[in-house]
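Okay, structure first, notes after.
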Amino acid sequence: MYALKAEDVVKAEANAIASGTDNETLVTRASRAICDFVSDKFDVKQRVAVFCGLGGNGGDGALASVMLCERGFSPIIYMIGECTDKHVKIKPKLDRARSIGIKILDAENFDDAEVIIDAMFGIGLSRALDGKVASVINRINAANAFTLAVDIPSGLNADTGEIMGACVEADETLTFSCYKIGLLLGAGRRMCGNITVCDVGVRIESGIKVCSDVDFAPLERRVDSHKGDSGRVFVIGGSADMVGAPLLAAAAAHGALLSGAGLVTVCMPEIFRVALSARCTLAMMKFLPDTADGFVKYDEKSLADICSAANAIDIGMGMGRCPDLRAIIEYLCDNFTGALVLDADALNALKGEYSFIKNAKCKIVMTPHAGEFVRLTCTTANIDNAKRLASDIGGVAVVKSATTIITDGERTLLNIAGTPAMAKGGTGDVLGGCIAALCCAFDPFIASAVACYRNGKGAERAVSSYAQTMLTPHDILRFADYKEI
């Protein structure tokens, strides 16, 4: 499945028409998908309000109204703007609706409904919505109704996910042919609700791929393999200032172990030797020289030992304002030849200056969430800027959000697997450990994609057994099914 910009969707639709698919056929298929969704989900007695604009999106809504009427529903069409003979995409559909007794009213006359179909504005919207339209959208959002958006919620930018003045907040979005990038970024995931892609006969052969099960080759071990063959992961984290940091670092190591690493070692400040020796049972421990206030100290011998033993290193979680952290990162970049995952405080330690990383001997993966990305790059977290970061570091950028952007500057994937339950401390630490472990088996781009997708799917499965607020990082790992890859 692909995600495209609006202009590329328009080109794909034009190519379909040029290849012999009549435009009215595409409209009919889209309208039938709307009708099928509503008639499958709701009873004919429920009140249906269809809000239509004057363009192609409104034409889909008007024809869907006719189809719903033929199936026993009694929809009312609410118009944005006055339809004239020049509005050729919708006028014939409105005439047909009127001929079979469907009421057509001005949108300002909307009173109430149990089902709302938003077919006002599509992917071509280029201006901010205000005035009467914004008022109508506010009434739609305030209604106690199930809201279905046609192709895209009205008011959402199809390329960026920005809200353009006002935006319909949908419970479900039926989008046609492919994802539009704006559905997945910015406010898109929140405004779209559940997203279903409907095939209407437009061939999509390129774009930004959205992760799915079929993207990843199986990960298998030889019958005679041993733990040394499966990779050695070292997780460097923790500080005295972070009370929970040791456990978060252990969670990352736990994630790495379940992701296929043969050996996992958690590297912590010496201050934790007694406390963690009894609590970390899933990984080996290495205690590093620390400062008087409990930060990991730059120590070349310890770092050299790690570099010589590790296939992958995950560094940063819970290290706080460690004064030596940047120097430690620079040493690893100069001396380590495996995969280095920079997460959490490792990103903050770079303070926007990371040009030296491009010359690193190791393979680099950066995993900033959207806020860390802004601090790191002084730019907004979008696809183009993520690709620029990946190119600047000569590695992989994993920009974490409701939709995670995974890119090496050339290849780009979007991961939409997951749930809001993941928005809590520890889930990012687990992800970092999983990426590090999978870097022992895959190239860092694929390792990052697999880890993001599997952790997201694990969280989706877990919330079917737990309330969202109860979900823990360890629950995600229990349901992640890394055995499937």
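Below, all heavy atoms of this structure are taken into account, side chains as well, without hydrogens, waters or symmetry copies.
- Residues passing the salt bridge (Lys or Arg N to Asp or Glu O under 4.0 Å) test with Asp40, sequence neighbours excluded: none.
- Listed by first and then second residue, the salt bridge (charged side-chain N to carboxylate O under 4.0 Å, His left out) pairs that reach into residues 130-154 are Asp106-Lys132, Asp151-Lys180, sequence neighbours excluded.
- Within 6.0 Å of NZ on Lys103 lie no more than 12 heavy atoms contributed by other residues, nucleotides or ligands.
- Sorted by first and then second residue, the salt bridge (charged side-chain N to carboxylate O under 4.0 Å, His left out) pairs involving residues 65-90 (not counting sequence neighbours) are Asp36-Arg71, Glu70-Arg96, Asp85-Lys91.
- The list of ring pair (Phe, Tyr, Trp, His ring centres under 6.0 Å) pairs with a residue in residues 380-408, not counting sequence neighbours, is empty.
- Between Asp384 and Lys387, none of the side-chain N atoms (NZ, or NE/NH1/NH2) sits under 4.0 Å from a carboxylate O, so this pair counts as no salt bridge.
- Judged as a salt bridge (Lys or Arg N to Asp or Glu O under 4.0 Å), and not counting sequence neighbours, Arg388 has no contacts.
- Taking 4.0 Å as the cut-off between side-chain N and carboxylate O, Glu205 and Arg203 count as a salt-bridged pair.
- Note on residues 108-135: pairs passing ring pair (Phe, Tyr, Trp, His ring centres under 6.0 Å), not counting sequence neighbours, are Phe51-Phe110, Tyr78-Phe110.
- Remark: Ser126 engages no residue in a side chain to side chain donor-acceptor pair (under 3.5 Å) (not counting sequence neighbours).
- Salt bridge present: Glu24 and Lys93 bring a charged side-chain N and a carboxylate O closer than 4.0 Å.
- Listed by chain and residue number, Glu172 satisfy the side chain to side chain donor-acceptor pair (under 3.5 Å) test with Asn194 (two or more places apart in sequence, or in another chain).
- Under the side chain to side chain donor-acceptor pair (under 3.5 Å) criterion, Ser31 pairs with no residue at all, not counting sequence neighbours.
- Salt bridge Asp95/Arg98: present, at least one basic N to carboxylate O contact under 4.0 Å.
- The salt bridge (Lys or Arg N to Asp or Glu O under 4.0 Å) search around Asp392 returns none, not counting sequence neighbours.
- Legend: residues meeting salt bridge (Lys or Arg N to Asp or Glu O under 4.0 Å) with Arg321, ordered by chain and number and at least two apart, are absent.
- Looking at residues two or more places apart in sequence or on another chain, you find no side chain to side chain donor-acceptor pair (under 3.5 Å) involving Thr404.
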